[in-house]
Amino acid sequence: LLWGYFGYSYFWWVQTTIEVAEIKNVSVTTWNLKTSISWDGKVLYKEDFNLNFPITWTVKSIDKSEWDIVKAWDVIASLDTVYLRINVDKAEISLKKAYADLESKKNKYTSGDIKLSEEQLGSSEANLENIKLNWEIDISNTKSSLETAEINVKSATTDLKLAQDNLDLIVNQEKEKYENKVQDAIWVISTNNSSIRELLLNVDKLLWVTEENKDANNSFENYLWAKDSSELAKSISYFKAANNTFLWFAAEWKNKWSAFNDIELTLEFLELAQTNSSLVNKMLNSTLLTIKNSIASLWSLSESDIENYTKSFEANIISNKKDISALVDASQLIEEQLTNLNTKTATQRNIISGLTTKLELAVKQFEQTKINYSNALKKADNNLILAQKQIDISNASLSTKTDDVSYSELAPYYSVIDTAKKALEEAKIKLEDAVLISPIDWKIVSIDWNIGSFVWWDKESSFVTITNNN
């Protein structure tokens, strides 16, 4: 009894009491409701059917609910049919057009059509004569373009080679200049290091800061801070900062000075040396104030000692400022030379880039011109052949319009009509498949989709499950 009710739906069933030898998925439409279904499985008894739409689309309405009793041919749910109806309309229009095109083809050609073919024949014959006259002119012009393109390639190649050689010359010249500036900077840094080392030693002996020199002028202790003890503390603090920085700097300098062909490293050490010299400058100025604030002693620190220390440190301050100025000048000279190098090389590289582009374009143009020349030779011969073929076609067209239309000419139109009929039939079937109908009198167990859902058709899913289990 089950075979006659399968319609509009795809479903599968589950065995309950008797073993199912094989389960098959079947898509059934109204076209096979009145015929038996081919089946290679063995199903003796089923309690559940899983029903689904055989097409993929959006759910428009659900007419039943879970646990409703449905009878055969009851509508359970429907898909949105707007686009399906549009497809049916389009198919009907295509079929009407196919019939109209067939009737149009069957009509005889008019005198105007024949006259047009005669004019086309005359034009084809004139075109052949014109091609023969222009053949030599076209070939000569193309060959001249090829020769010019070849000259352009040679000229661009020479210009690019000269520009590249000039770049090498600029780099070598400017590199030698900035290497000289780097060597000058190394000398400035080395001189500055020696000066700072001596200044630190002199201050240390006066202020007795380090263990090495702490007792050198121990007798000054009661006099250096007599007028202003805070200045002495500042001097010692500045000394420690300058001394620690210098010791680190000297160690770095010893490890890396041999690699000073690197401009960035040279500039970095010049900047560090300036910082170190600035700290020394603060130390010298503070030490000078400390000396000026000291009280003379007949045995330890005489007036002449204070005066000599004052003059010495004033001279040291002036010398230190000159060292800082020399470091700044060395940095500026290297940066200026580096700027000159970068500017000149960038300018020359821009020239090379432009000439490289020019050469690439010249080569492309030359290659294209060679192709054009070869094609021109082929085209000249092909144009003659095509012109003659066009004359033959025009003659055939004129002859065709004076004869009756044969069945072979109408055959493609009949084929289009058959295709349009099949398309219309398929569109109507899809429209009918948009309605899900119960194949038997059973009860709905579950509905797995909602209105507005996009139903995907596949063999494993179902839209609704019905059962005969009470």
* What residues, two or more places apart in sequence or in another chain, satisfy salt bridge (Lys or Arg N to Asp or Glu O under 4.0 Å) together with Glu147? -> none

* Asked: So, do Trp253 and Leu272 sit near enough that their side-chain heavy atoms are less than 4.5 Å apart?
  -> no

* Asked: Between Ile55 and Lys430, which heavy-atom pair has the shortest distance, and what is it?
  -> CD1-O, 3.7 Å

* What is the distance from atom CD1 of Ile196 to atom CE of Met283, rounded to the nearest 0.5 Å? -> 8.5 Å

* Asked: Is the closest side-chain heavy-atom distance between Lys443 and Asn468 below 4.5 Å?
  -> no

* **All side chain to side chain donor-acceptor pair (under 3.5 Å) counterparts of Asn276, not counting sequence neighbours** => none

* Structure fact -> Smallest heavy-atom separation, Ile466 atom then Ser438 atom, equals CD1-OG, 4.2 Å

* Asked: Does a donor on one side chain and an acceptor on the other come within less than 3.5 Å for Ser277 and Asn192?
  -> yes

* So, Asp68 side chain and Lys64 main chain: donor-acceptor pair closer than 3.5 Å or not? -> no

* Evaluate side-chain contact (heavy atoms from CB on, under 4.5 Å) for Gln365 paired with Leu361, printing each intermediate quantity in order. => CA-CA 6 Å; Gln365 185 177 9; Leu361 293 175; over 6 Å; no

* Partners of Tyr414 by side chain to side chain donor-acceptor pair (under 3.5 Å), sequence neighbours excluded? -> none

* Could you list the residues that satisfy side chain to side chain donor-acceptor pair (under 3.5 Å) with Arg197, not counting sequence neighbours? => none

* Is it true that a side-chain atom of Ser453 and a backbone atom of Val455 form a donor plus acceptor pair closer than 3.5 Å? -> no

* Any side-chain heavy atom of Val75 sitting closer than 4.5 Å to one from Leu436? -> no

* For the residue pair Val88 and Leu424, what are the closest heavy atoms and their distance? -> O-CD1, 3.7 Å

* Exercise: identify the closest heavy-atom pair between Ile417 and Ala98 -> CG1-CB, 3.6 Å

* Asked: Does a side-chain heavy-atom distance below 4.5 Å link Val464 with Ile444?
  -> yes

* Would you say the side chains of Thr369 and Glu150 form a donor-acceptor pair under 3.5 Å? -> no

* Asked: By salt bridge (Lys or Arg N to Asp or Glu O under 4.0 Å), which residues pair with Lys177, not counting sequence neighbours?
  -> Glu174

* Asked: Any side-chain donor paired with an acceptor under 3.5 Å for Ser462 and Asp448?
  -> yes

* Are Ser145 and Asn141 close enough, and set up right, to give a side-chain contact (heavy atoms from CB on, under 4.5 Å), and what steps lead you there? -> CA-CA 6 Å; Ser145 298; Asn141 291 337; 5.6 Å; no

* **Under 3.5 Å donor-acceptor, Thr158 side chain and Lys154 backbone** => yes

* Counting only heavy atoms not in Gln388, do more than 12 sit closer than 6.0 Å to its CD atom? -> yes

* Structure fact -> The residue among Thr467, Ile440, Val445 that forms side-chain contact (heavy atoms from CB on, under 4.5 Å) with Phe49 is Ile440

* May I have all residue pairs that pass salt bridge (Lys or Arg N to Asp or Glu O under 4.0 Å) and include part of residues 162-172, sequence neighbours excluded? => Lys161-Asp165

* **Non-hydrogen side-chain atoms of Trp442 and Thr465 separated by less than 4.5 Å** => no

* Mind checking whether Tyr83 and Trp57 have parallel, tilted or perpendicular rings, split at 30° and 60°? -> perpendicular

* Structure fact -> For Pro439 and Ala72 the tightest heavy-atom approach is O-CB, 3.7 Å

* Should Ile76 and Ile62 count as side-chain neighbours, where that means a heavy-atom distance under 4.5 Å? -> no

* Taking only Lys NZ, Arg NE, NH1 and NH2, and the carboxylate oxygens of Asp or Glu, determine whether Lys97 and Asp101 approach each other closer than 4.0 Å. => yes

* **Worked verdict on Ser155 versus Asp159 for side-chain contact (heavy atoms from CB on, under 4.5 Å)** => CA-CA 6 Å; Ser155 176; Asp159 292 342; 3.9 Å; yes

* **OG1 on Thr142 to CD1 on Ile371, rounded to 0.5 Å** => 13.0 Å

* Find out whether Ile451 and Lys60 are in side-chain contact, i.e. whether some heavy atom of one side chain is under 4.5 Å from a heavy atom of the other. => no

* Check the side chains of Gln368 and Asn372 for a donor-acceptor pair under 3.5 angstrom, ignoring hydrogens and angles. => yes

* To do: Supply the atom-to-atom distance Leu377 CG to Asn382 CG, rounded to the nearest 0.5 angstrom.
  => 10.5 Å

* To do: For the pair Asn127 (side chain) and Ser123 (backbone), establish whether a donor and an acceptor sit closer than 3.5 Å, ignoring hydrogens and angles.
  => no

* Can any side-chain N or O of Ser353 pair as donor or acceptor with the backbone N or O of Arg349 at less than 3.5 Å? -> no

* Asked: Is there a donor-acceptor contact under 3.5 Å from the side chain of Ser237 to the main chain of Ala233?
  -> no

* Asked: Charged N to carboxylate O under 4.0 angstrom, Lys370 versus Glu367?
  -> yes

* So, the side chain of Asp381 versus the backbone of Lys378: is there a donor-acceptor pair under 3.5 Å, distance only? -> no

* Kindly compute the distance separating OG (Ser446) from CG (Asp48), expressed to the nearest 0.5 Å. => 9.0 Å

* Asked: Do you know the tightest heavy-atom contact between Phe53 and Asp433?
  -> CD2-O, 3.5 Å

* Asked: CG/Asp323 to OG/Ser278 distance, rounded to the nearest 0.5 angstrom?
  -> 11.0 Å

* Nearest 0.5 Å, what's the CD-OG1 distance between Glu432 and Thr81? -> 12.0 Å

* So, does Ser325 use its side chain to make a donor-acceptor pair with the main chain of Lys321 at under 3.5 Å? -> no

* **Exam field: side chain Thr245 to backbone Ala241, donor-acceptor pair closer than 3.5 Å** => yes

* Asked: Judged by atom type as modelled, is there a donor-acceptor pair below 3.5 Å linking the side chain of Asp74 to the main-chain atoms of Val70?
  -> no

* To do: Before giving the answer on side-chain contact (heavy atoms from CB on, under 4.5 Å), spell out for Asn193 and Phe246 the whole-Å C-alpha distance, their side-chain angles and the decisive distance to 0.1 Å.
  => CA-CA 8 Å; Asn193 286 349; Phe246 176 74; 3.9 Å; yes

* To do: Could you please spell out the steps behind the ring-ring contact (aromatic ring centres under 6.0 Å, His included) verdict for Phe269 and Phe249?
  => CA-CA 8 Å; Phe269 267 87; Phe249 179 87; 5.5 Å; yes

* **Note, Asp184 side chain near Leu333 side chain (heavy atom, < 4.5 Å)** => no

